[in-house]
Each structure stands twice: as structure tokens, then as C-alpha cells.
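Below is one structure, written out as C-alpha cells; the observations come after it.
Counting starts at 1 for both ligands and their atoms, in listed order.
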Amino acid sequence: MGREWEAVAASCAKEGRDYGDFLLGLTERELIEREQRAAERRIKGAKFPVLKTIDSFDFAAQPTINELLMRQLLSGEYLEARENILLIGNSGTGKTHLATALGFAACTQGRKVRFWSATALVTHMLELREQQDLKRFLTQIEKHELLVLDELGYVPFSKDGAELLFEVVSRAYERLSLIVTTNLPFEQWTEVMGSERLTGALLDRVTHRVHIIEANGESYRLKDARKRHKKPRKG
Ligand code: ADP
Ligand code: MG
């Protein structure tokens with residue numbers, strides 16, 4: 001307000017508007033700026049590996065993805081209902097990009113978001129448990145409104161690791177939304193979680209109220225690399 005009041009006052013004076021208008025104009029600017037700063041803080045706090053938004057996603061390059069559903073989800077209603085989103089597909093099909101775009105949208109909608117690689121999360125929790133510090137972490141997790149678990153399935157978990165992941169999922173259940181990205185069809189989740197019982201319980205919670213986005217196309221990375229390769233070199 002300190003920075004802006006003179007400009008707002010000058011424009012009000014010029015347009016013959018009264019003090020009420022001036023005050024309203026000034027407080028509106030203050031609120032907008034506060035909201036922007038809060039969104040920036042939330043985006044920083046979410047710790048996205050690389051910031052990607054839906055604007056840079058080329059749906060035409062990945063026609064198997066349900067664009068309509070994706071666009072609906074970006075509006076954030078699923079967060080209100082504490083529903084989950086599962087992004088399934090091969091490597092390089094844009095799952096992490098889309099998960100980040102959803103997380104980014106949630107941040108701008110005032111939600112508290114945290115992005116985790118599934119493996120990093122489990123490793124982190126195993127370390128915290130050694131330090132007797134896990135409880136606090138799990139309580140903090142519950143304060144989020146959206147948790148992204150990226151790349152479940154590339155590395156199998158130890159027995160303890162799988163149990164800790166289950167702990168996160170069961171705490172999240174009906175309290176906050178989860179976005180999970182994976183290259184694994186459901187039948188193969190047991191290979192990652194180790195135990196069939198645990199996998200069943202985990203899948204039960206993740207898929208209870210879930211929107212599924214499948215990406216079955218070719219890897220964007222591969223296609224991109226091939227395109228660059230084909231381009232005739234200059235000089
Ligand atoms: P996945 O997580 O499915 O392995 P990523 O989301 O990491 O794939 O995508 C790999 C790279 O390709 C990223 O840099 C991503 O931004 C880009 N990418 C993938 N699909 C698309 C797309 N349809 N449009 C634009 N960029 C894409
Ligand atoms: Mg990925």
C-alpha cells in the first residue's frame with residue numbers, strides 16, 4: 001500500500017473519484033499482491049522438480065490422453081472432494097509433466113501442495129524414522145491438500161519402505177488428494193510393494209475415488225530426440 005498509494009491517489013484525483021474509491025482501489029491492489037505472493041510461496045513449497053504448466057503440454061503429441069478430463073481436473077474440483085488422480089503410462093508420455101501442471105494449478109487455487117518422487121519420499125521417511133522424527137513428518141503431511149507421488153514402480157520398496165508408503169497413503173485417504181504417476185498396470189503393483197496384502201490395501205485406498213488418465217503413446221523424449229537427429233546439420 002505504501003508503494004502504490006500515490007499512483008492510486010493520482011488516478012482517483014484525475015478521474016474525480018472520492019476517498020472511498022481511493023481506499024477500495026488501494027486495498028484491492030494490496031489483496032491481489034498478497035495473493036500472488038502466497039501463490040509463489042506455495043509453488044516454492046511444493047518443490048516441483050521442474051516447473052511445468054499445462055500451457056507447454058502438447059495434447060496433439062499424445063492423443064491417447066483424455067484432454068477433456070485433464071482440463072476438468074485442472075479446475076481443482078477433485079481437491080474439494082478429496083479425490084485422487086492416477087496417471088498411468090509408459091516412460092516419457094508426459095505423466096510427470098501433467099502431475100506437475102495439476103500441482104501448479106492447485107497452488108494457484110490456494111491449495112497446499114507437495115511433490116515427491118515416490119522413491120525419495122520413502123527414503124526420506126526411512127531416514128526420519130532412524131532419527132525418531134517420523135511422527136512429526138507424518139503430521140505435516142496431513143496438513144497438505146494435495147500430495148503428488150511421482151514414478152511409483154521404477155524401484156521396488158523394501159518391506160519397511162512399502163509399509164511407510166502405505167502409512168502415507170492411508171493418512172491421505174479421505175483427508176487430502178493424491179496424484180500418483182506410475183508405469184505399472186495394477187497387476188504389477190505387488191512387485192513394487194512386496195506384499196499382496198499391502199498392495200491390496202493400498203490400491204483400495206488410492207482407487208476408491210479416483211480419476212484415471214492413461215497415456216499409452218510413444219515417448220515424447222524419444223520422438224523429440226529422433227526429430228532433432230533427423231534435422232540436417234548446419235555448417
Ligand atoms: P513421464 O513422467 O511420463 O516419464 P515426462 O512428463 O517426464 O514423462 O515427460 C518427458 C519430457 O517430455 C518432459 O520434459 C516433458 O515436459 C516432455 N513432454 C512429454 N510429453 C509432452 C507433451 N505432450 N507436450 C510437451 N512436452 C511433453
Ligand atoms: Mg515421470
Side-chain angles (χ1 to χ4, degrees), residues 42-76 78-79 83-108 111 113-125 141 144 146-157 161-162 165 168-169 172 177-189 191-193 199 202-203 206-207 210-231:
R42 284 190 293 269
I43 291 162
K44 212 165 156 220
K47 304 232 163 88
F48 299 113
V50 184
L51 196 55
K52 303 250 168 156
T53 67
I54 203 62
D55 298 336
S56 61
F57 194 81
D58 178 8
F59 281 97
Q62 209 56 256
T64 62
I65 289 174
N66 183 343
E67 178 176 354
L68 192 68
L69 175 59
M70 187 60 206
R71 296 215 180 265
Q72 270 168 14
L73 293 172
L74 283 161
S75 75
Y78 72 98
L79 293 160
E83 290 161 353
N84 300 328
I85 301 174
L86 201 56
L87 291 148
I88 310 182
N90 308 332
S91 174
T93 49
K95 301 182 299 296
T96 300
H97 188 139
L98 292 175
T100 306
L102 285 161
F104 176 84
C107 286
T108 65
R111 308 288 184 175
V113 178
R114 183 69 161 89
F115 185 106
W116 280 101
S117 121
T119 316
L121 173 66
V122 166
T123 311
H124 186 62
M125 285 194 293
I141 286 265
H144 290 78
L146 170 63
L147 209 59
V148 181
L149 301 179
D150 193 35
E151 316 219 310
L152 195 83
Y154 285 100
V155 186
F157 300 117
L165 186 74
V168 169
V169 168
S177 293
L178 285 176
I179 296 180
V180 178
T181 84
T182 182
N183 60 327
L184 291 183
F186 293 140
E187 310 87 74
Q188 283 172 38
W189 282 39
E191 290 164 29
V192 176
M193 295 295 290
T199 309
L202 182 115
L203 273 177
V206 172
T207 60
V210 76
H211 304 273
I212 297 180
I213 293 198
E214 275 183 275
N216 290 317
E218 206 187 341
S219 162
Y220 191 87
R221 291 190 196 98
L222 261 177
K223 228 182 337 194
D224 209 35
R226 217 176 286 146
K227 219 164 42 192
R228 262 180 281 130
H229 203 67
K230 269 194 200 146
K231 253 187 221 158

Among protein heavy atoms, which lies nearest [atom], and at what distance?
atom	result
atom 11 (C) of ligand 1	Arg221 CG, 4.0 Å
atom 25 (C) of ligand 1	Ser56 O, 3.3 Å
atom 3 (O) of ligand 1	Lys95 NZ, 2.7 Å
atom 15 (C) of ligand 1	His97 ND1, 3.5 Å
atom 2 (O) of ligand 1	Thr96 OG1, 2.7 Å

Answer whether the closest heavy-atom distance between the side chains of [X] and [Y] falls below 4.5 Å.
X	Y	value
Thr119	Tyr154	no
Ile54	Phe59	yes
Ile141	Arg114	no
Leu165	Met193	yes
Thr100	His97	no
Val148	Val180	no
Gln62	Asp58	no
Phe57	Met70	no

Residue-level breakdown please: for Tyr220 versus ligand 1, do any non-hydrogen atoms fall below 4.0 Å on the side chain, on the backbone, on both, or on neither?
side chain

Any heavy atom of Ala215 under 4.0 Å from ligand 1? The part involved is neither

Return the name of the atom in Glu151, of element N, O or S, nearest to the Mg ion (ligand 2).
OE2

As an exercise, identify every atom of ligand 1 less than 4.0 angstrom from a heavy atom of [X].
X	value
Asp58	22 (C), 23 (N), 24 (N), 25 (C)
Asn90	3 (O)
Lys52	13 (C), 14 (O), 15 (C), 16 (O)

N/O of [X] under 3.5 Å from N/O of ligand 1, yes or no?
X	value
Thr93	yes
Gly94	yes
Gly92	yes
Tyr154	no

Which heavy atom in Arg111 sits nearest to a heavy atom in Gly76, and how many Å separate them?
NH2-O, 4.5 Å

Would you say Thr181 has an N, O or S atom lying under 2.8 Å from the Mg ion (ligand 2)?
no

Do Ser91 and Asn183 have side-chain atoms, one donor and one acceptor, less than 3.5 Å apart?
no

Heavy-atom count check: over 12 atoms from other residues, nucleotides or ligands less than 6.0 Å from Lys44 NZ?
no

I'd like to know whether ligand 1 has Thr100 as a neighbour, heavy-atom separation below 4.0 Å.
no

